[in-house]
**Q** 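Dropping a structure here in structure tokens format, bear with me for questions.
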Amino acid sequence: MVHSRDDMVGLDSSIISSPKVWEASGHVAGFVDPMVDCKVSKLRYRADQLFYAKVELVDDGGVVGYISLLDCGDLQGEATKLAEKLKRKGGKQGTIKLPLDIKDMTKATEDELVLIPSPATGEPGSLTPPRSFNLMFQTSVGALSDGSSTAYLRPETAQGIFTNFKNVQSTARVKIPFGIAQIGKAFRNEITPRNFIFRSREFEQMEIEYFIPPEEEVWEGFYSGWIDTAWSWLTSIGMREDLMGKEVHPKGDLAHYARACTDIVFKFPFGQVELQGVAARGNYDLTQHQASSGKSMEYFDEAGKRKYLPHVIEPSIGVDRLFLALICSAYAEDEIVGEKRVVLKFHPSMAPIKVGIFPLVKNKPEIMEKARGIHDQLKKRYNVFWDVSGAIGRRYRRMDEAGTPFCITVDFDTLEDDTVTVRERDSTKQTRMKVDDLLAFFDREING
Ligand code: ATP
């Protein structure tokens, strides 16, 4: 996205910036999640991840009651089980009206709220209405710790791009359309961090702000172009397309300044959820920073002899979430000569270890030395793994589990003709190859 394009500049901005940045961007006032508390268990839930349904019987058989449950892979299935349980507990007869009308807690009316059970206790009456909770982590800067020293750990990398827009544009001498890309840590006080690395309080974000002219007719082309670019990049690094999808945000759910937003979603084992967002954000952020700082954020268009505040398209993805989707895409079980194998079929460019290097035996110094030489040479370029313990088959299997695409075995023949066995992870095919040809081979396979 950065090095192979001419219209992109990489940036590394600070994690802690002036709190005024977060006031201007609207995060201090508005970066909130609606939360629901259970007054009995003291547990707190994100209102859009806590679901409820009214359980009714068919043929006007009456209302059984309400059930509640947390976000999961099969909401309807789990909710139906809870509804049946509720019916049995209440000693009711009849058939439950299906499918259940499942809603999240942001939709609960005051009347419903007292009837919905807490997922922690199973009893109704303890849930509060959704209340806003700011997700930003606060810290203090300087020696004194009072209101004036409050600062925030960035909840996204994007604002660092906006505040540096003029610096980057003038020093890198780029012309619109162009993008600024940033990868770095972001922090959010998530109430329900879970699902392994899917949602955490400290995560790595990759964001691009792609600056475009303000004319109404241009943004849609750039917007759909970025959705396509994001999609094909994800598939090029081994994301399983059959598990991917797109969800277009309905116009009514968009932030007031946003023109459109599409999520690329992924079917994780715990459900289909957002992997990456692509949003057309208008010129909201630059407008806000310009107003708050009193410094012009305008771009001078030399060709058109005019000044304007550019609009942006924002592709944004969490690296951790991306890795989880890659692991889910790569996980496979198969059988090799009658033995069950677990293998991570990572694309070679994504595999954390690129090559495993094994001397066939450890008690032959010439073989050890030759293998060490190959290891030391490859190590300069790739992350490689040295393994001398156990039978060769076991060593292959360990590398399969780690998703290592290639293994090299140095044996007695190597000493005669300078060839090694290169074993490929997915097909388990073994090829004899000259040591001198290894670097070119791996370069082709890994870097494409
Ligand atoms: P969600 O609805 O899942 O909380 P979001 O809509 O708040 O996500 P954005 O603010 O659009 O997410 O952030 C952009 C990207 O950053 C998301 O698509 C996701 O990949 C990643 N991301 C956001 N929050 C987290 C988190 N707590 N842990 C890991 N990745 C995250």
Side-chain angles (χ1 to χ4, degrees), residues 1 15 22 25-27 30-35 44-51 70-73 104-106 130 132-137 152-162 181-210 223 226-227 229-231 233-234 237 239 243-250 253-255 257-268 270-281 284-285 312-329:
M1 295 289 168
I15 285 175
W22 303 107
S25 66
H27 282 79
F31 193 56
V32 289
D33 269 344
M35 308 300 301
R44 180 169 272 180
Y45 305 95
R46 241 176 84 166
D48 63 341
Q49 291 173 1
L50 177 57
F51 295 88
L70 294 170
D71 202 1
C72 65
D104 73 51
M105 285 297 287
T106 60
S132 290
F133 177 84
N134 197 301
L135 293 177
M136 281 201 293
F137 274 107
Y152 306 97
L153 304 187
R154 66 178 176 200
E156 59 171 38
T157 60
Q159 295 307 320
I161 297 180
F162 291 119
Q182 168 150 240
I183 176 169
K185 282 276 187 245
F187 305 84
R188 294 183 187 182
N189 196 2
E190 300 277 4
I191 293 308
T192 48
R194 62 196 168 120
N195 293 330
F196 190 31
I197 50 173
F198 176 79
R199 184 181 304 288
S200 41
R201 295 193 171 115
E202 175 185 333
F203 58 100
E204 191 92 3
Q205 247 188 349
M206 302 201 282
E207 296 191 291
I208 293 171
E209 298 301 335
Y210 196 77
Y223 169 63
W226 271 106
I227 297 171
T229 303
W231 185 280
W233 181 73
L234 290 169
I237 58 167
M239 194 75 69
L243 299 177
M244 291 164 62
K246 285 179 201 160
E247 273 174 19
V248 180
H249 289 217
D253 288 358
L254 292 173
Y257 50 82
R259 292 178 145 158
C261 185
T262 296
D263 288 343
I264 296 182
V265 292
F266 186 83
K267 207 179 268 174
F268 289 96
F270 48 83
Q272 178 167 299
V273 272
E274 172 181 340
L275 175 64
Q276 164 156 22
V278 181
R281 293 178 63 88
Y284 172 77
D285 303 86
V312 288
I313 307 296
E314 179 192 79
S316 171
I317 184 166
V319 182
D320 321 60
R321 218 173 256 199
L322 170 65
F323 281 174
L324 188 58
L326 285 178
I327 291 172
C328 295
S329 294

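Numbering of ligands and ligand atoms starts at 1, following listing order. Keep in mind it's a predicted model, so treat the numbers as computed, not measured.
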**Q** Looking at every heavy atom in both Q159 and D285, which two are closest together, and how far apart are they?
**A** NE2-OD2, 3.1 Å
**Q** Identify the protein heavy atom lying closest to atom 13 (O) of ligand 1, giving its residue, its atom name and the separation to 0.1 Å.
**A** Q205 NE2, 3.4 Å
**Q** Taking the non-hydrogen atoms of R46, is any one of them nearer than 4.0 angstrom to ligand 1?
**A** yes
**Q** Count the heavy atoms belonging to other residues, nucleotides or ligands that lie under 6.0 Å from OH of Y257, then report whether that count exceeds 12.
**A** yes
**Q** How many angstroms lie between CG in D320 and CD in E202, if you round to the nearest 0.5 Å?
**A** 9.0 Å
**Q** Looking at every non-hydrogen atom in both residues, tell me the closest pair between M136 and F31 and how far apart they are.
**A**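 Where M136 meets F31 most closely, the heavy atoms are CG-CD2, 4.0 Å.
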**Q** Return the minimal non-hydrogen interatomic distance between K246 and V265, and the atom names on each side.
**A**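 Minimum heavy-atom contact is N-CG2, 4.1 Å.
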**Q** L275: heavy atom below 4.0 Å from ligand 1, yes or no?
**A**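 Yes, L275 has a heavy atom closer than 4.0 Å to ligand 1.
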**Q** Do the charged groups of R46 and E190 touch, with an N to O distance under 4.0 Å?
**A** yes
**Q** Taking distance alone, with no angle check, do E207 and ligand 1 share an N/O pair under 3.5 Å?
**A** no
**Q** Tell me, which protein residue and heavy-atom name are nearest atom 11 (O) of ligand 1, and how many Å apart are they?
**A** E274 OE2, 3.6 Å
**Q** Could you tell me the residue and atom name of the protein heavy atom closest to atom 19 (C) of ligand 1, and the distance to it rounded to 0.1 Å?
**A**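 That would be R321 NH1, 3.3 Å.
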**Q** Identify the protein heavy atom lying closest to atom 4 (O) of ligand 1, giving its residue, its atom name and the separation to 0.1 Å.
**A** R199 NH1, 2.7 Å
**Q** Atom 30 (N) of ligand 1: which protein heavy atom is closest, and how many Å away?
**A** F203 CD1, 3.4 Å
**Q** So if I count the atoms of ligand 1 from 1 in the order they appear, which ones are less than 4.0 Å from some heavy atom of I317?
**A**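 Those of ligand 1 that fall under 4.0 Å from I317 are 20 (O).
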**Q** For ligand 1, which is the ligand I care about here, please tell me if G318 has any N or O atom under 3.5 Å from one of the ligand's N or O atoms.
**A**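 Looking only at distances, the answer is yes, because the N/O contact criterion of under 3.5 Å is met.
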**Q** Would you tell me which option among E314, R188, R194, E202 has the nearest heavy-atom contact to atom 24 (N) of ligand 1?
**A**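 Nearest heavy atom to atom 24 (N) of ligand 1 lies in R188.
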**Q** Would you say F133 has more than 12 foreign heavy atoms packed within less than 6.0 Å of its CZ?
**A** yes
**Q** Which atoms of ligand 1 sit under 4.0 Å from any heavy atom of E190?
**A**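 Here the atoms of ligand 1 in question are 24 (N), 26 (C), 27 (N).
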**Q** Quick one: which of A158, S200, S316, G277 has a heavy atom closest to atom 28 (N) of ligand 1?
**A**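 Selected option, by shortest heavy-atom distance: S200.
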**Q** So if I count the atoms of ligand 1 from 1 in the order they appear, which ones are less than 4.0 Å from some heavy atom of F198?
**A**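 Checking each atom against F198, I get 28 (N), 29 (C), 30 (N).
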**Q** When rounded to the nearest 0.5 angstrom, what distance separates CH2 in W233 from CD1 in I317?
**A**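 So the CH2 of W233 and the CD1 of I317 are separated by 6.0 Å.
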**Q** If you measure from CG on L234 to CZ on F266, what distance do you get to the nearest 0.5 Å?
**A**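 With rounding to 0.5 Å, CG (L234) is 9.5 Å from CZ (F266).
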